[in-house]
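Report on one structure; see the data block that follows.
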Amino acid sequence: MDILEHLNPAQREAVTSTEGFVRVIAGAGSGKTRALSHRFAYLVNELGILPGNILCVTFTNKSAHEMRQRIHALTGDNDTGFINTFHGFCVSILQEDSHAVQYPKSFLVLDNSDIDDMLRIIYEERGLSLRDMTFSAARDMIEIQKLFKRPDYYRDMIALSLDELREKYDHAVGAKDIIFYGYLYQEKKCFGLDYNDLIKFTLYIFQEHEDVKLKWQRRLEYIMIDEFQDIDQLQYELMEALCGYHKNLFIVGDPDQTIYTWRGADVKYLLDFHKHFAPCKTIMMMENYRSTPEILAAANSLIDKNRNRLKKELIPTLPSGEEVLCGYAGTNQEEAAMIAERARLLHGRGAPWGDMAVLYRAHYVTRTVEEAFLREKLPYHIYSGVQFFARKEVKDALSYLRLIAYKDDLSFLRVANVPRRNLGKRRMAFLRDFAAERGCTLYEALTQTLEDDIFKGTKAASLVSLVERYAAGYEGRPVSEVLSALLNDSGYERMLRTEGAQDRLDDLAELKQSVHEYETTCGEEVGLEHYLSHVALLTNADEADAGDKIKLMTVHAAKGLEFPYVFLCGMNEGIFPSRKTATLAGMEEERRLAFVAVTRAKKALYLSEAGGRTFDNAPRYPSRFLLDIDPALLTFTQPPPQGLVEEARSYIEASTRALPENTEAYIFPIGTRVRHALFGEGAVLDVDTDKSAHLVQFDGMATPRQISFKAKLERI
């Protein structure tokens with residue numbers, strides 16, 4: 001196969017520009033995945049580069065999987081090099097060089113479920129309850145502490161002994177510190193690393209061990225990074241370190257699709273790339289192969305209203321299609337009914353339910369849509385609930401695999417008594433005390449106390465026998481084969497059959513299928529530890545297709561996906577854009593998010609809004625993003641009342657004037673002395689970005705006050 005065949009001039013230039021620093025500005029639907037995969041194949045087939053010397057970084061595991069399949073089809077080689085997310089690639093580095101941080105190669109990669117299990121232990125030990133902090137809030141707090149407030153935390157994890165970390169935890173005061181140091185202790189105890197640790201530990205190794213860094217730099221002769229507009233500072237530092245030897249770095253991104261600044265993404269890395277990596281070649285890929293000219297015209301008109309952007313336009317390549325429809329409904333319920341009616345009409349014309357997607361800014365918008373779909377008996381699937389790999393039976397099955405590989409406390413606590421083995425609370429408390437005294441794991445405690453009278457009449461011995469047998473024999477066997485045998489021999493599947501839990505058995509069958517597919521895609525190198533690390537990094541973006549059902553998801557979740565028919569609902573001020581938008585920079589990000597939503601549509605786009613009044617009796621205005629689009633590009637099935645549109649324009653103009661340029665203009669670090677127009681002088685105690693407020697202790701007040709960012713405190 002000619003690798004360059006069927007590529008347009010811009011794609012061909014991207015594929016053949018192999019040396020040095022190359023930046024590709026790739027518009028939505030312009031075939032960047034095609035360009036990346038063909039470039040990889042070009043390096044291998046035409047230049048003779050070994051796949052193992054190429055790193056290709058993607059945004060999600062799902063896109064990495066798709067990339068591997070494409071490259072395998074192009075090269076015919078089972079070796080597809082390093083095709084992974086940043087975090088997944090860091091797992092590869094740490095599995096090879098974890099000795100540099102005194103961690104074993106078989107460290108645990110922790111997911112949210114594991115973190116919750118650790119929190120339960122901490123809460124129980126220190127007498128905390130969900131009134132002190134919910135698990136969700138605790139996970140967010142830990143992430144904020146690690147990324148922003150205590151960025152050097154990892155040095156404690158690496159340098160301090162387990163006893164020293166325990167001492168910090170024992171002496172911590174206040175829920176925040178207790179949870180944070182308790183979590184670091186629990187992590188070190190089981191040699192676990194979470195999502196944030198992976199890059200931090202990798203960068204630490206590169207900083208402290210020049211030989212390890214040089215080894216990886218020399219190995220990675222060519223580096224390609226997708227979705228570069230979403231890169232954050234830590235990922236940028238890692239990329240900078242990795243490309244420092246061969247200096248062959250190829251990046252692809254679209255500044256108009258920057259929608260993750262709230263989690264650290266910074267588009268300046270893409271826009272200023274040529275300043276830091278010179279000489280740099282820039283290639284523009286603007287031809288769109290996804291959407292009709294009508295959809296692209298609306299998208300171009302919308303995004304053009306952003307001031308801070310690289311001016312460009314998507315160029316249509318497909319023939320003309322349906323008009324972009326916009327519908328106004330009197331209430332939320334009428335809007336939902338309108339969407340259901342249009343969906344049924346499309347289905348009557350032959351469109352599968354699975355070709356349709358309903359996108360929205362926030363999950364709460366779906367309530368009336370769900371009610372309408374249920375009433376009309378339309379099949380749908382919400383991409384937000386308990387994702388597949390977080391379901392109980394799937395987590396149990398994976399915990400059995402982890403137990404034989406790592407013998408860690410979290411897996412042991414989850415499955416030691418599932419199915420029942422008479423290892424209840426009293427016996428678990430005995431094991432905890434024994435493990436604490438001896439400084440060992442719970443599983444080791446069980447193996448050392450099996451003959452104790454407390455375990456008479458239990459199936460503890462059979463559990464130990466099962467674990468030891470599989471621990472000694474899993475290497476070299478396919479993971480799918482080990483999983484099937486383990487679920488059978490442990491009695492877990494028999495338990496589900498006895499309970500008649502067919503749905504849960506179906507989930508296990510789906511898990512086995514996913515393991516088999518992963519083995520097939522990744523080749524022979526897939527070992528148990530490799531697979532477990534891969535699964536721990538999966539997110540909602542990697543969720544499997546739900547079949548022939550209408551897909552309901554947030555616009556953020558839809559990033560990177562495409563659908564023949566898209567319904568973008570809730571297009572009202574305060575919904576989309578979000579009422580939490582507090583700056584002009586934030587409003588431009590909301591507009592980029594709307595642009596992403598519009599460009600998901602291939603054949604037809606349906607925009608909808610609802611009138612009426614909000615819960616606090618304010619009028620519900622049409623979204624400014626609807627008004628941003630040239631009216632000539634929209635066909636209204638029912639236009640909003642003209643008077644309402646004029647009111648909306650006045651409201652939008654006034655609210656825009658009140659927005660500061662960006663948060664840096666009014667967010668002050670903790671400890672800053674400030675002045676309030678009425679309360680006088682005080683000091684900032686805390687910053688709550690979720691509530692957009694400072695916590696200020698004013699000099700003349702006994703207790704602190706939360707002051708909105710909009711109050712525009714003055715720095716003294």
Side-chain angles (χ1 to χ4, degrees), residues 108 110-130 132 135 138 166 169 179 182-183 185-186 189-190 192 386 390-471 483 486-501 503-505 507-508:
L108 279 177
L110 305 170
D111 61 17
N112 278 349
S113 176
D114 299 321
I115 296 171
D116 286 352
D117 289 342
M118 289 179 171
L119 292 173
R120 285 188 191 92
I121 294 170
I122 296 164
Y123 280 40
E124 188 177 322
E125 284 184 348
R126 298 297 296 269
L128 298 177
S129 72
L130 296 181
D132 295 296
F135 282 7
R166 177 81 206 195
Y169 165 44
I179 292 168
Y183 177 66
Y185 167 73
Q186 289 293 335
K189 188 180 176 188
C190 69
V386 179
R391 293 174 189 167
K392 182 184 185 306
E393 56 278 10
V394 174
K395 286 295 297 179
D396 287 348
L398 294 174
S399 291
Y400 267 110
L401 285 176
R402 283 202 340 190
L403 186 58
I404 67 169
Y406 306 126
K407 299 178 180 174
D408 64 293
D409 286 358
L410 298 179
S411 303
F412 180 81
L413 286 169
R414 186 172 188 102
V415 298
N417 204 37
V418 184
R420 292 190 182 281
R421 298 184 177 93
N422 267 354
L423 298 175
K425 287 184 179 179
R426 183 171 67 91
R427 293 182 173 100
M428 284 299 183
F430 170 84
L431 289 175
R432 279 201 187 94
D433 292 342
F434 186 93
E437 288 172 14
R438 304 294 197 284
C440 64
T441 67
L442 294 174
Y443 179 76
E444 288 169 340
L446 179 61
T447 61
Q448 293 173 38
T449 58
L450 263 183
E451 301 305 318
D452 195 287
D453 286 348
I454 195 170
F455 292 115
K456 284 184 177 175
T458 72
K459 295 181 179 177
S462 65
L463 174 64
V464 170
S465 172
L466 176 83
V467 172
E468 293 301 319
R469 188 167 78 251
Y470 275 86
L483 176 61
L486 190 53
L487 290 175
N488 180 63
D489 291 352
S490 66
Y492 190 83
E493 283 190 329
R494 184 166 60 252
M495 175 191 75
L496 294 186
R497 282 193 293 272
T498 303
E499 293 173 358
D503 285 350
R504 296 171 66 189
L505 286 166
D507 281 341
L508 291 182

Taking the side chain as everything from C-beta on, heavy atoms only, tell me whether [X] gets closer than 4.5 Å to [Y].
{"X": "M118", "Y": "C190", "answer": "yes"}
{"X": "V418", "Y": "M495", "answer": "yes"}
{"X": "Y400", "Y": "L466", "answer": "yes"}
{"X": "D114", "Y": "L108", "answer": "no"}
{"X": "I121", "Y": "L413", "answer": "yes"}

Considering only NZ, NE, NH1 and NH2 on the basic side and carboxylate oxygens on the acidic side, decide whether [X] and [Y] come within less than 4.0 Å.
{"X": "R438", "Y": "E444", "result": "no"}
{"X": "D507", "Y": "K392", "result": "no"}
{"X": "E125", "Y": "R120", "result": "no"}
{"X": "D111", "Y": "K395", "result": "yes"}

Residue pair [X] / [Y]: nearest heavy atoms and the distance that separates them:
{"X": "D396", "Y": "V415", "value": "O-CG1, 3.6 Å"}
{"X": "I179", "Y": "I122", "value": "O-CD1, 4.0 Å"}
{"X": "L487", "Y": "A397", "value": "CD2-CB, 3.8 Å"}
{"X": "L423", "Y": "A460", "value": "CD2-CB, 4.0 Å"}
{"X": "R421", "Y": "A416", "value": "NH1-O, 2.9 Å"}

Do the side chain of [X] and the main chain of [Y] share a donor and acceptor less than 3.5 angstrom apart?
{"X": "R427", "Y": "I454", "result": "yes"}
{"X": "T449", "Y": "A445", "result": "yes"}
{"X": "T458", "Y": "F455", "result": "yes"}
{"X": "R504", "Y": "L496", "result": "no"}
{"X": "N422", "Y": "G457", "result": "yes"}
{"X": "R432", "Y": "L442", "result": "no"}

To the nearest 0.5 Å, how far apart are [atom1] in [X] and [atom2] in [Y]?
{"X": "E124", "Y": "L119", "atom1": "CD", "atom2": "CG", "result": "12.5 Å"}
{"X": "N417", "Y": "M428", "atom1": "CG", "atom2": "CE", "result": "6.0 Å"}
{"X": "T441", "Y": "D408", "atom1": "OG1", "atom2": "CG", "result": "8.5 Å"}
{"X": "Q186", "Y": "Y183", "atom1": "CD", "atom2": "OH", "result": "10.0 Å"}
{"X": "Y406", "Y": "S399", "atom1": "OH", "atom2": "OG", "result": "12.0 Å"}
{"X": "L398", "Y": "S113", "atom1": "CG", "atom2": "OG", "result": "10.0 Å"}

Checklist entry - Under the salt bridge (charged side-chain N to carboxylate O under 4.0 Å, His left out) rule, what pairs show up with a residue in residues 446-455, not counting sequence neighbours? => result D453-K456

Checklist entry - Any chance the rings of Y123 and F135 have centres within less than 6.0 Å? => result yes

Next on the checklist: Between L410 and R402, does the side-chain contact (heavy atoms from CB on, under 4.5 Å) criterion hold? Intermediate values first, please.
Outcome noted: CA-CA 9 Å; L410 298 179; R402 283 202 340 190; 3.8 Å; yes

Checklist entry - Who passes side chain to side chain donor-acceptor pair (under 3.5 Å) against D116, sequence neighbours left out? => result R139

Item to check | Intermediate values then yes/no, side-chain contact (heavy atoms from CB on, under 4.5 Å), L508 and Y492 | outcome: CA-CA 10 Å; L508 291 182; Y492 190 83; 4.0 Å; yes

Checklist entry - Does CZ belonging to R420 count more than 12 external heavy atoms closer than 6.0 Å? => result no

Checklist entry - Within a reach of under 6.0 Å around CZ of R494, are more than 12 heavy atoms found that belong to other residues, nucleotides or ligands? => result no

Next on the checklist: Using side chain to side chain donor-acceptor pair (under 3.5 Å), reason through Y443 and D409 one step at a time and then give a plain yes or no.
Outcome noted: CA-CA 7 Å; Y443 179 76; D409 286 358; over 6 Å; no

Checklist entry - Aromatic rings Y169 and Y185: how do their planes relate, parallel, tilted or perpendicular, breaks at 30° and 60°? => result parallel

Checklist entry - Has R414 got its NZ or CZ under 6.0 Å from the middle of the six-membered ring of F412, at an angle within 45 degrees of the ring axis? => result no

